[in-house]
Amino acid sequence: MITLSQIREQKADLIERYQKRMADLDVEKLLDQVLELDEQRKSTQQKMDDELAEANQIAKQIGQLFKEGKQEEAGKMKSRAAELKQSSGSLKESLQKIEDQQREILFHLPNVPQARVPKGKDDSDNEITEEFGTKHSFSFEPKPHWELADEYDLIDFELGVKISGAGFPVYKGKGAKLQRALINFFLDEAEKAGYAEVIPPHLVNEASGIGTGQLPDKDAQMYHVGEDGLYLIPTAEVPVTNIYRDVILKEDQFPIKNCAYSPCFRREAGSYGKDVRGLNRLHQFDKVEIVRIEKPENSDAALEEMKSHVQGLLNKLGLQSRILLLCGGDLGFAAAVTYDFEVYSAAQERWLEVSSVSNFESFQANRLKLRYKNEDGKSTLAHTLNGSALALPRILAALLENYQQEDHIAIPDVLKPYLNFDKIEK
RNA sequence: GGAGAAAUGGCAGAGCGGUUGAAUGCACCGGUCUUGAAAACCGGCAUACCGAGAGGUAUCGGGGGUUCGAAUCCCUCUUUCUCCGCCA
């Protein structure tokens with residue numbers, strides 16, 4: 001969530017930047033409410049502190065009197081103490097209420113877009129900043145990946161329906177091996193780029209969901225194991241970033257770079273149509289995620305570095321790709337700026353999102369209480385970033401579609417060392 | 001899953017109702033000494049909020065309670081350890 005000092009110090013700027021993502025919302029009113037509540041909080045806190053101070057004072061005196069054997073005098077002071085206890089108690093209650101109200105507003109307020117983020121409502125307002133990669137052309141009619149998957153016996157969607165439901169495919173044979181090869185390739189590339197690998201838990205508690213911003217807003221997107229109060233992770237971002245919850249870092253620990261492979265679980269309530277065909281949108285999918293914790297002054301540079309990393313992966317895989325700078329309206333709740341990567345699906349004749357790289361600035365850090373101590377001993381919120389590098393199913397879809405030949409499917413050179421075959425035949 | 005024990009500062013570890021925000025040791029930082037280092041000695045060393053400051057408040061796993069007063073007593077949750085059972 002955004003910080004009070006941001007609101008205090010740059011309110012006008014915030015209001016303007018918020019317009020990029022929610023033009024119809026009266027942000028100024030909300031921010032004023034927060035400031036107003038903060039004033040109330042301070043004065044209530046002050047009153048309460050004063051009363052507690054007096055009560056502490058009295059308690060000490062009573063203790064002293066008891067020691068000196070002056071029970072009666074001590075007894076007299078108790079009534080004032082009881083009075084203070086009562087009124088400080090009710091002040092505590094109203095303080096709690098004020099803080100709850102304030103948090104309620106702040107919790108539901110998304111991050112402020114950076115100045116360079118284009119204003120816009122939805123994905124049609126995203127800005128294409130770059131196109132790159134290998135274009136594939138065909139002397140025949142290319143087939144969509146779900147037909148190829150079936151023809152070459154790589155993925156069984158029906159079987160997944162039987163076992164779990166729609167959106168849970170079963171990868172088989174070379175399909176499964178290709179999946180595993182991609183995971184290893186992505187992890188190796190991340191490691192070469194300096195990201196330390198972790199294998200995080202795949203279920204997280206509520207505090208973790210709140211830390212990275214999935215909760216309380218997006219709880220409908222996550223699978224919830226009510227019995228145990230746990231959530232299946234929608235991305236490794238959640239457990240990996242939460243490694244640094246309630247942590248105070250030292251300067252010399254930067255930059256922090258982690259990568260992780262994990263399955264991701266999403267309920268995807270409300271999706272339908274061609275969007276969900278084949279591998280396009282699943283309830284369970286695999287992803288390699290990169291996560292960084294940076295000092296504020298370095299986070300923008302880190303984002304560009306992550307962008308090049310992802311770009312490098314797509315180039316190595318030989319996929320026709322493009323980068324979008326997301327407009328305000330398409331930005332995730334916690335993001336200040338996001339690049340989306342899309343690959344061209346030859347047979348579906350559409351672009352598929354395969355990565356999303358974001359700078360969250362101090363938005364998550366504020367919720368996570370993730371800080372660092374600078375040279376003069378002051379603690380400051382760190383910046384968090386993450387990106388997919390990469391999400392597997394759509395990459396697999398694009399590989400099958402773009403590398404298909406009339407009688408087989410070719411394999412990109414970079415994956416061959418990870419496989420004991422160099423093409424897929426019937 | 002059953003039975004017990006425990007949770008205190010960066011770590012170790014006292015304290016079990018009244019100047020205890022918390023002894024002591026280690027670690028760490030500054031200084032004296034030394035050609036330099038070690039040792040020794042002196043001093044400092046939690047976090048958050050309010051306040052110009054003096055200072056105040058809160059925090060001894062989390063939450064609640066008893067009391068004028070709780071790290072200390074009670075309830076509850078969580079976690080860890082030991083034993084038994086079960087199991088990849």
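A note on names: the letters A, B, ... follow the listed sequences, proteins ahead of strands, and every chain is numbered from 1. Not measured: the values here are computed from a predicted model.
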What's the [atom1]-[atom2] distance between [X] and [N], to the nearest Å?
X: A/Met48; N: B/U59; atom1: CE; atom2: C1'; value: 12 Å
X: A/Asp228; N: B/U79; atom1: CG; atom2: P; value: 10 Å
X: A/Glu93; N: B/G64; atom1: CD; atom2: P; value: 11 Å
X: A/Glu206; N: B/G63; atom1: CD; atom2: P; value: 16 Å
X: A/Gln96; N: B/G63; atom1: CD; atom2: C1'; value: 11 Å
X: A/Gln57; N: B/G18; atom1: CD; atom2: P; value: 18 Å
X: A/Leu52; N: B/U57; atom1: CG; atom2: P; value: 8 Å
X: A/Asp100; N: B/G63; atom1: CG; atom2: P; value: 14 Å

Any side-chain donor near an acceptor of the partner, A/Gln10 and A/Gln6, under 3.5 Å: no

Ring-face cation contact, A/Phe421 with A/Lys177, 6.0 Å cut, 45° max: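 Here A/Lys177 fails the 6.0 Å and 45° test against A/Phe421.
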
Just name whichever nucleotide pairs with [N], Watson-Crick or G-U, keeping both distances under 3.5 Å, else none.
N: B/C41; answer: B/G31
N: B/A5; answer: B/U80
N: B/U66; answer: none
N: B/G10; answer: B/C26
N: B/U19; answer: none
N: B/U57; answer: B/A48

[atom1] spacing across the pair [N] / [M], given as an integer number of angstrom:
N: B/U72; M: B/G61; atom1: C1'; value: 16 Å
N: B/C81; M: B/A48; atom1: C1'; value: 32 Å
N: B/G62; M: B/U78; atom1: C1'; value: 7 Å
N: B/G18; M: B/A22; atom1: C1'; value: 14 Å
N: B/A12; M: B/A27; atom1: C1'; value: 10 Å
N: B/U80; M: B/C74; atom1: C1'; value: 23 Å
N: B/A46; M: B/A3; atom1: P; value: 43 Å
N: B/C87; M: B/A7; atom1: P; value: 34 Å

Over 12 non-hydrogen atoms of neighbours within 6.0 angstrom of CD1 in A/Ile105: yes

Greater than 12 external heavy atoms within 6.0 Å of A/Glu197's CD: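 It does: A/Glu197 CD has more than 12 such atoms within range.
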
Flag side-chain contact, heavy atom, 4.5 Å: A/Asn258 against A/Tyr244: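 A/Asn258 vs A/Tyr244: side chains touch.
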
Non-hydrogen atoms of A/Ser208 and A/Val238 that approach each other most closely: O-CG1, 3.9 Å

Note: A/Asp38-A/Arg41 ion pair, threshold 4.0 Å (strictly below): yes

Salt-bridge present (A/Asp32, A/Lys11; N to O < 4.0 Å):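 Looking at A/Asp32 and A/Lys11, the cut-off is met.
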
Aromatic plane relationship, A/His283 with A/Tyr223 - under 30° parallel, 30 to 60° tilted, over 60° perpendicular: perpendicular

Protein proximity profile, nucleotides 68-77 of chain B - base contact B, sugar-phosphate-only contact S, no contact -, cut-off 4.0 Å on heavy atoms: BS--------

Point-to-point distance, once rounded to the nearest 0.5 Å, from OG1 of A/Thr3 to CD of A/Glu9: 7.5 Å

Pick out the pairs of N or O atoms, protein on one side and nucleotides 46-55 of chain B on the other, that lie under 3.5 Å.
residue : atom : partner  : partner atom : Å
B/U47   : OP1  : A/Lys373 : NZ           : 2.7
B/A48   : OP1  : A/Ser379 : OG           : 2.8
B/C49   : O3'  : A/Arg41  : NH2          : 3.3
B/C49   : O2'  : A/Arg41  : NH2          : 3.3
B/C50   : O2'  : A/Gln46  : NE2          : 2.4

Residues in salt bridge (charged side-chain N to carboxylate O under 4.0 Å, His left out) contact with A/Glu297, at least two apart in sequence or another chain: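 Result, salt bridge (charged side-chain N to carboxylate O under 4.0 Å, His left out) vs A/Glu297: A/Lys295.
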
